2 protein chains.
Amino acid sequence: MQKTTAAPAKFTHVQCGSCPIRHRAVCARCDTDELERLEETKYYRSFEAGQTIVWSGDRMDFVGSVVSGIATLTQTMEDGRRQMVGLLLPSDFVGRPGRETAAYDVVATTDLVMCCFRKKPFETIMLDTPHVGQRLLEMTLDELDAAREWMLLLGRKTAREKIASLIAIIARRDASLKLQSSEGRVVVDLPLTREAMSEYLGLTLETVSRQISALKRDGVIQIEGKRHIIIPDFDLLIEEAGDDSDGGFLV
Amino acid sequence: MQKTTAAPAKFTHVQCGSCPIRHRAVCARCDTDELERLEETKYYRSFEAGQTIVWSGDRMDFVGSVVSGIATLTQTMEDGRRQMVGLLLPSDFVGRPGRETAAYDVVATTDLVMCCFRKKPFETIMLDTPHVGQRLLEMTLDELDAAREWMLLLGRKTAREKIASLIAIIARRDASLKLQSSEGRVVVDLPLTREAMSEYLGLTLETVSRQISALKRDGVIQIEGKRHIIIPDFDLLIEEAGDDSDGGFLV
DNA sequence: CGATAGCCTTGACGCAGATCAATCCGATGC
DNA sequence: GCATCGGATTGATCTGCGTCAAGGCTATCG
């Protein structure tokens, strides 16, 4: 057993880059064997596009993070109205330590790979290894900020603004993963169906479709096929989104 | 200097019952002097109804929790549209450790007392004293759940359902503080103006007013004055709220 | 090749909630 | 007493988005 000492090293103990554990790379305080214990319980799971990972209310005995693909968290009312409340892109975390059952439907909207830990051992590690909890707190605070931005969108934005916002959000997340902006012009592949977009935005899918057509007609975006979108002027899109958050492409 | 040992004791080191520190009561691992260091930086602040505590974007060098009164977090778009994104009742926490400036307008909607800590020392304590971070993680996860419930409300509920939901939410929070339910019949004092309610719900204040009148007309609620509400049958209110979450009065 | 299925688009129409405007009610001050 | 002011109510009208319905595009399969 050895202590890792001193300066932040470019060193990732856990190969999967998306886990909260990743943060160890800049933590000089944790024992290797604590992470090793966690490693033991780690496993990967794959899901097909459209597959439901857990239903709201069902037992959920793992936590984990998305390695590749897209998943969504969705709430459903008795009469079937659905609202997406979480969009999980690669590196996002799912699962609440300390909760037995899922609070939302978790659905893979594309083919998906997740990196999972069984919940019990994960909770133990969290208690023993402060920086894991600290990392998780950071991530949760980020989620909360995103949720609040999302609330503004749901409560006050028009359909057109909602669509523009969603495209911008995905473009930004996309770019922060695989840097590809070339001054103003940005390209995105929407990873969501029109229906999924409508569940994200609190609209119907017809309205989503109409507004996308409108943005296209007005030259704010160009479309190839159904999902491939070219944004000639990102600042213009941001303007359409009615966003007061700083308009830069990379925040 | 002494270690607190062994079993969870009914013991609150910090008199203010609302701090994240409160959790120490059931933590056997922290040094008293760590908390004492924190105590040193603790101070109380009072605000008058209507006073803005910080503006979005301004420097915010403290964190803290509400002791008494109500505060709100609100986002504003350039053209003035406003959406509330946080409702802070007694015991709720404000402020993100690690962030320099406020991300939202924080406004006292009633006379308010807050228990504050300067941010820097608080962050230090958080690093040194794991259970404080753990408690904060729990609280943040609760906030996130609340935000997601709120998103369902904003995205999919009708005006009538939104009003019923808000009344139920406040009644529940109220009751969990000062137990006062008497089987079915519940009494609440709304701590918000119609305008604040409209900012919470993503509606106009006229619609709020109309829907409250409608619920009154239909016997779902009774009203004395402007703000004092009697709910003859809480289950009926829950039904009006379209809530799938378990309908019990105390969750 | 045509048939089926999933996803998307477009049109016609109706309604929930926004907007604009007038009035009311209770508290506070002179 | 009356005037003022902030909050709340109520009415009349307008409109953005939902609803219902028809049809198009592309991929997959027989």
Side-chain angles (χ1 to χ4, degrees), chain A residues 48-51 77 79-83 107 109-111 153-167 189-218 221-229 240 242, chain B residues 48-51 70 77 79-83 107 109-110 153-167 189-218 221-229 240 242:
Chain A
E48 289 180 6
Q51 204 180 338
M77 298 173 66
D79 61 4
R81 278 175 281 173
R82 290 168 65 76
Q83 175 63 50
V107 181
T109 58
T110 66
D111 287 346
L153 178 149
L154 289 171
R156 293 300 182 196
K157 291 192 176 176
T158 65
R160 173 181 260 244
E161 289 169 335
K162 286 178 175 182
I163 298 287
S165 299
L166 177 55
I167 295 173
D189 274 299
L190 292 181
L192 301 175
T193 64
R194 300 287 186 265
E195 186 179 30
M197 292 173 74
S198 76
E199 285 177 6
Y200 185 110
L201 300 171
L203 298 170
T204 59
L205 70 135
E206 293 93 331
T207 300
V208 169
S209 184
R210 268 188 258 273
Q211 294 300 334
I212 289 179
S213 299
L215 287 175
K216 180 182 168 191
R217 174 170 25 79
D218 299 347
I221 56 174
Q222 293 149 26
I223 310 187
E224 280 167 15
K226 305 287 181 189
R227 307 278 195 87
H228 188 77
I229 293 198
E240 291 286 351
Chain B
E48 289 179 6
Q51 204 181 339
I70 314 272
M77 297 172 67
D79 62 3
R81 279 175 282 174
R82 289 169 65 78
Q83 175 63 51
V107 181
T109 58
T110 65
L153 177 149
L154 289 171
R156 292 301 182 196
K157 290 191 177 177
T158 64
R160 173 182 259 246
E161 288 169 336
K162 285 178 174 181
I163 298 287
S165 299
L166 177 55
I167 295 173
D189 272 299
L190 292 180
L192 301 174
T193 63
R194 300 289 186 263
E195 186 179 30
M197 293 174 73
S198 77
E199 286 178 4
Y200 185 110
L201 300 171
L203 298 170
T204 59
L205 69 129
E206 294 93 330
T207 300
V208 169
S209 185
R210 269 187 256 274
Q211 294 298 335
I212 289 179
S213 300
L215 287 175
K216 180 181 168 191
R217 174 168 26 79
D218 300 347
I221 57 173
Q222 292 149 27
I223 309 187
E224 279 167 16
K226 305 286 182 189
R227 308 280 195 87
H228 189 75
I229 293 199
E240 291 286 349

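Owing to the predicted nature of the structure, the values given are computational and were not obtained by experimental measurement. Letters A, B, ... mirror the listed sequences (proteins, then strands); counts begin at 1. Values below: every heavy atom of this structure, side chains too, minus hydrogens, waters and symmetry copies.
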Under 4.0 Å, heavy atom to any atom of DNA chain D: which of residues 189-201 of chain A qualify?
none

Measuring from [X]:[atom1] to [Y]:[atom2], what's the distance to the nearest 0.5 Å?
X: B/H228; Y: B/E224; atom1: NE2; atom2: CD; value: 5.0 Å
X: B/I223; Y: B/L190; atom1: CD1; atom2: CG; value: 8.0 Å
X: B/I229; Y: B/I221; atom1: CD1; atom2: CD1; value: 4.0 Å
X: A/M77; Y: B/L153; atom1: CE; atom2: CG; value: 8.5 Å

Indicate, with a heavy-atom threshold strictly under 4.0 Å, whether [X] touches base, sugar-phosphate, or nothing.
X: B/R81; result: nothing
X: A/R160; result: nothing
X: A/G202; result: sugar-phosphate

Any side-chain heavy atom of [X] within less than 4.5 Å of one from [Y]?
X: A/L192; Y: A/R227; answer: no
X: A/I163; Y: A/L201; answer: yes
X: B/M197; Y: B/I212; answer: yes

Taking five pairs at each end of the helix from C/dC1-D/dG30 to C/dC30-D/dG1, what angle separates the two helix axes (nearest 10°)?
20°

To the nearest Å, give me how far apart [atom1] ([X]) and [atom2] ([N]) are.
X: A/E224; N: D/dT26; atom1: CD; atom2: P; value: 13 Å
X: B/E48; N: D/dG6; atom1: CD; atom2: P; value: 16 Å
X: B/K226; N: D/dG6; atom1: NZ; atom2: C1'; value: 11 Å
X: B/R156; N: D/dC17; atom1: CZ; atom2: P; value: 13 Å

Okay, side chain of [X], backbone of [Y]: is any donor-acceptor separation there less than 3.5 Å?
X: A/D111; Y: A/E48; result: no
X: B/R156; Y: A/R81; result: no
X: B/S213; Y: B/S209; result: yes
X: B/Q83; Y: B/E199; result: yes

With a strict under 4.0 Å distance from non-hydrogen atoms of chain A, what nucleotide opens and what nucleotide closes the contacted stretch of DNA chain C, reading 5' to 3'?
C/dC8 to C/dA12

Taking salt bridge (Lys or Arg N to Asp or Glu O under 4.0 Å) as the test, write out the residues that go with A/R160, two or more places apart.
A/D218, A/E240

Who pairs with A/D189 by salt bridge (Lys or Arg N to Asp or Glu O under 4.0 Å), at least two apart in sequence or on another chain?
none

Ranking A/E206 and A/K157 by the position along DNA chain D of their nearest nucleotide, the one closer to 5' is A/K157

Contact list for DNA chain C against residues 207-218 of chain A - heavy-atom distance below 4.0 Å:
A/S209, A/R210, A/S213

